[in-house]
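All of these numbers come straight from a predicted model, not from anything done at the bench. All values below come from the heavy atoms of this structure, side chains included, with hydrogens, waters and symmetry mates left out.
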Amino acid sequence: MRCSKQTSKEVGSWTPAVFTLIVCHVHCTAAIGVQPEIASITELDHLASGPNGGTLSQAKLATGTKSYVSGPPLVLKVSGSREDAAFDQGYLIGARSAHSYSIFMKNLIGNNTKGLEEFLDICWTVLEKQTPAQFSMELDAAARGARAAGVDVDIGVQQRRVIAMMVMPADAPNIIRLVEQELEKKLPAQVKLLINEIVYAIEKAKGMHPLPFPNGTFPPHQGDDTAVRPGFCDFFAVWGSRTVDGRLLSSRNLDWNKDSGICQQKLVTVYNITGTLGAYSTIGFAANFAGALAGMSTHGITVSQANLDNSEVTFDGFPWPLRLRYVMEYAANKADVYKMWSTTNNTAAFNYLVASASDPGAYALETKMGFTGYFQDNSPIEAAATWQWQNTSTPARIGFPLADAVWRSNHALHPTMMATQEPLWRDTVFRYMQIHDMIDSFDKANQLMDASHALNIVATLGIKGKDYLTCKQDFSQGGDNILSVVYDPSFKHMYVAWEDGTGPTWTPAACNAYVLFPLGDLGLF
């Protein structure tokens, strides 16, 4: 049954009275939204081998499933010592990575990338101080491997720049605050001006949404908190009473900078590095092969990330694409996750989901400089969260936790986080409630969730354009979903969709086929 249209007065106090949203009644079922296609892998076609036993393959998808016009996913498998694995990584993927990097940078800022690259190199000098030495060694080894394969650029330097860019906040005001705090103190005035120009060039190229001044007020023409502004990513996890066999299911949507050219080299990397707990996978693109946009370990740890706009930001921390790899390398359960996260430092503000299948459950982590809010299911802190919307006289409740589930979009619910959080906007609160309502609808229908239900939710939430609930629309109107993932770690399964096409043929990940990676059956785990 399709959900019907109601005013906010009919659905409760979670949103300002000016909103009219698509919401679910109690009798709505999981049939709403997007029902994605699943593509099976029939075999991995071997492309190349590395000097240390690493392999690069191409996933061959079953006949009759929707294919990717930009090419099928690549699968890179490396093992052994960290240095040997990284050398093979560079040897096998270095040329593709360097090409994707060049396309991405050109699409982001044009032909004159030198200023941006110098800026990112400066950023890395701060990030590197809290990056474990083994990751810097990896990047150097990958560069040597690429050179051995004939690549004439330093892919280690390129990956450092990509990681620095990924750590940036999603808006120009907070990037500038971060730069002022970490980098500009000893720089001459002309260099500071250049950095600010680069930041705003990035903002223009990425089409970022307008955000408030540091004091939390909007410029006069941006002061409507009901204005449509794009969000950046979301995730959820369910388990226990909500799922078949009580097993963990979790997700990750990446909504960011569509049609940049990187989808031509879609990549799943499987690591099995000596001295870690075992194999784990990362999901993304060759352009960012060194870090984890998403991932899952053989021990059932899954990782996800989402933007969180907050003015308390720093470079003096563990860059998250490597931090998520670090968690998968050494965590086997939620206790390990908490210990590892609490003993390393945050950078810019982000939300994270780290979930565990071995002791089913998950943490939603709300982070900023010097603070992490740890949320498990049914959190009383989340339930107490309120926000006073513009043009209203009393705070409205915005936190609605559930048992055996956690999720986030792009705002925080911990009072310490909210004290420096930028004003909320319709999109992030809508998606938070949409995840809540879709998860809750299965319970009300006495339906235990499996991977197909998780795919329904993640595909519906991916930002496609003006309407979340359908793939039959003009994707040029705000769509930016470039990666969409469901994890089913008890079966060692991942379902992964990437953006595809370019220009008028571009389609968001959530509207493409989700490729099933049975990592155990494929011999990858």
Determine, stepwise, if the pair Thr347 / Leu127 fulfils side chain to side chain contact (heavy atoms under 4.5 Å, CB included).
CA-CA 9 Å; Thr347 55; Leu127 287 168; 4.0 Å; yes
If you apply the rule side chain to side chain contact (heavy atoms under 4.5 Å, CB included), what do you find for Ile482 with Asn257, and how did you get there?
CA-CA 8 Å; Ile482 67 170; Asn257 201 39; 6.0 Å; no
What do the steps show when you test Asn345 against Phe318 for side chain to side chain contact (heavy atoms under 4.5 Å, CB included), and what is the final call?
CA-CA 6 Å; Asn345 292 328; Phe318 197 160; 5.8 Å; no
Could you go step by step and tell me if Gln473 and Asp467 meet the side-chain hydrogen bond (donor to acceptor under 3.5 Å, both in side chains) rule?
CA-CA 8 Å; Gln473 62 177 299; Asp467 188 351; 5.4 Å; no
Checking Thr269 against Gln89 for the side-chain hydrogen bond (donor to acceptor under 3.5 Å, both in side chains) test, could you report, in this order, the C-alpha distance in whole Å, the side-chain angles of both residues, the deciding distance, and whether it holds?
CA-CA 9 Å; Thr269 302; Gln89 197 172 23; 4.5 Å; no
Run the side chain to side chain contact (heavy atoms under 4.5 Å, CB included) test on Gln265 and Ser97 for me, step by step, so that the C-alpha distance in whole Å, both residues' side-chain angles and the decisive distance to 0.1 Å come before the verdict.
CA-CA 8 Å; Gln265 304 291 340; Ser97 176; over 6 Å; no
Passes side-chain hydrogen bond (donor to acceptor under 3.5 Å, both in side chains), Thr274 versus Ser81? Steps please.
CA-CA 5 Å; Thr274 303; Ser81 72; over 6 Å; no
One pair to check against side-chain hydrogen bond (donor to acceptor under 3.5 Å, both in side chains): Asn512 and Thr507. What are the steps and the verdict?
CA-CA 7 Å; Asn512 294 321; Thr507 54; 2.9 Å; yes
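For Arg408, the side chain to side chain donor-acceptor pair (under 3.5 Å) partners at least two apart in sequence or on another chain are Glu366, Glu382. Take Asp84 and apply the salt bridge (Lys or Arg N to Asp or Glu O under 4.0 Å) test, not counting sequence neighbours, and it matches no residue. Take Asn52 and apply the side chain to side chain donor-acceptor pair (under 3.5 Å) test, not counting sequence neighbours, and it matches Asp88. For the salt bridge (Lys or Arg N to Asp or Glu O under 4.0 Å) test, no residue two or more places apart in sequence or in another chain qualifies with Lys339. Judged as a side chain to side chain donor-acceptor pair (under 3.5 Å), and not counting sequence neighbours, Lys464 has no contacts. Looking at residues two or more places apart in sequence or on another chain, you find a salt bridge (Lys or Arg N to Asp or Glu O under 4.0 Å) between Glu83 and Arg144. Looking at residues two or more places apart in sequence or on another chain, you find no disulfide bond (SG atoms under 2.5 Å apart) involving Cys263. Partners of Thr344 under the side chain to side chain donor-acceptor pair (under 3.5 Å) rule, at least two apart in sequence or in another chain, are Arg323.
Residues Asn272 and Tyr280 fail the side-chain proximity criterion, which asks for heavy atoms closer than 4.5 Å. Ile283 is listed as a side-chain neighbour of Leu483, based on a closest heavy-atom distance under 4.5 Å. For the pair Phe289/Leu267, a side-chain contact is recorded, criterion being any heavy-atom separation below 4.5 Å from C-beta on. Contact of the Leu116 side chain with the Met165 side chain is registered, since non-hydrogen atoms from C-beta on lie closer than 4.5 Å. At least one side-chain heavy atom of Asp255 sits less than 4.5 Å from a side-chain heavy atom of Asp234.
Between the side chains of Ser484 and Tyr514, at least one donor N or O sits under 3.5 Å from an acceptor N or O. Thr372 and Thr367 share no donor-acceptor pair across their side chains, judged by distance under 3.5 Å alone. Between the side chains of Thr55 and Ser57, no donor-acceptor pair of N or O atoms lies under 3.5 Å.
Residue pairs meeting the salt bridge (charged side-chain N to carboxylate O under 4.0 Å, His left out) criterion with at least one partner in residues 89-105, sequence neighbours excluded, are absent. Contacts classified as ring-ring contact (aromatic ring centres under 6.0 Å, His included) and involving residues 73-104 (residues at least two apart or in different chains) are given here: Phe104-Trp256. Listed by first then second residue, pairs satisfying salt bridge (charged side-chain N to carboxylate O under 4.0 Å, His left out) with a partner in residues 485-507 read Arg247-Asp488, not counting sequence neighbours. Here salt bridge (charged side-chain N to carboxylate O under 4.0 Å, His left out) pairs that include residues 344-360, with residues two or more places apart or in two chains, are Lys334-Asp359.
Not a single donor-acceptor pair under 3.5 Å links the side chain of Lys258 to the backbone N or O of Pro508. The backbone N or O of Thr282 sits nowhere less than 3.5 Å from a side-chain atom of Arg325 that would complete a donor-acceptor pair. A distance-only check finds a donor-acceptor pair linking the side chain of Thr460 to the backbone of Val34 [under 3.5 Å]. Side-chain atoms of Tyr487 come within 3.5 Å of backbone atoms of Gly295 as a donor-acceptor pair (strictly under, hydrogens ignored). Looking at Asn456, its side chain never comes within 3.5 Å of a backbone N or O of Gln35 through a donor-acceptor pair. Arg147 contributes no side-chain N or O that, together with a main-chain N or O of Ala142, makes up a donor-acceptor pair within less than 3.5 Å. Side-chain atoms of Ser379 never come within 3.5 Å of backbone atoms of Phe375 as a donor-acceptor pair (strictly under, hydrogens ignored). With hydrogens and angles disregarded, a donor-acceptor distance shorter than 3.5 Å links the side chain of Asp404 to the backbone of Ser241. Under the 3.5 Å distance criterion, the side-chain polar atoms of Ser251 are matched with a main-chain donor or acceptor of Phe236. A side-chain donor-acceptor contact under 3.5 Å links Tyr68 to the backbone of Trp498.
Taking CG from Asn253 and OG from Ser304, the interatomic distance works out to 9.5 Å, rounded to the nearest 0.5 Å. For the atom pair Met166 CE and Leu293 CG, the distance stands at 4.0 Å (nearest 0.5 Å). Here CG of Asp154 is found 7.0 Å from CZ of Arg160. Values are rounded to the nearest 0.5 Å. To the nearest 0.5 angstrom, Lys66 atom NZ is 7.5 Å from Glu37 atom CD. Rounded to the nearest 0.5 angstrom, Leu92 CG and Lys77 NZ are separated by 13.0 Å. Between the CZ atom of Phe350 and the CD atom of Gln305 there is a distance of 5.5 Å, given to the nearest 0.5 Å.
The ring-ring contact (aromatic ring centres under 6.0 Å, His included) test with Trp407 singles out one residue from Tyr363, Tyr432, Phe400, and that residue is Tyr432.
Using a 30° and 60° split on the angle between ring planes, Tyr374 and Tyr338 fall in the tilted class, from 30° to 60°.
In this structure, the ring of Phe517 has its center no less than 6.0 angstrom from the ring center of His493. Two rings, from Tyr468 and Phe430, have their centers less than 6.0 Å apart.
Taking both residues in full, the closest heavy atoms of Asn107 and Ser260 are given as ND2-O, 2.6 Å, listed atom of the first, atom of the second, then distance.
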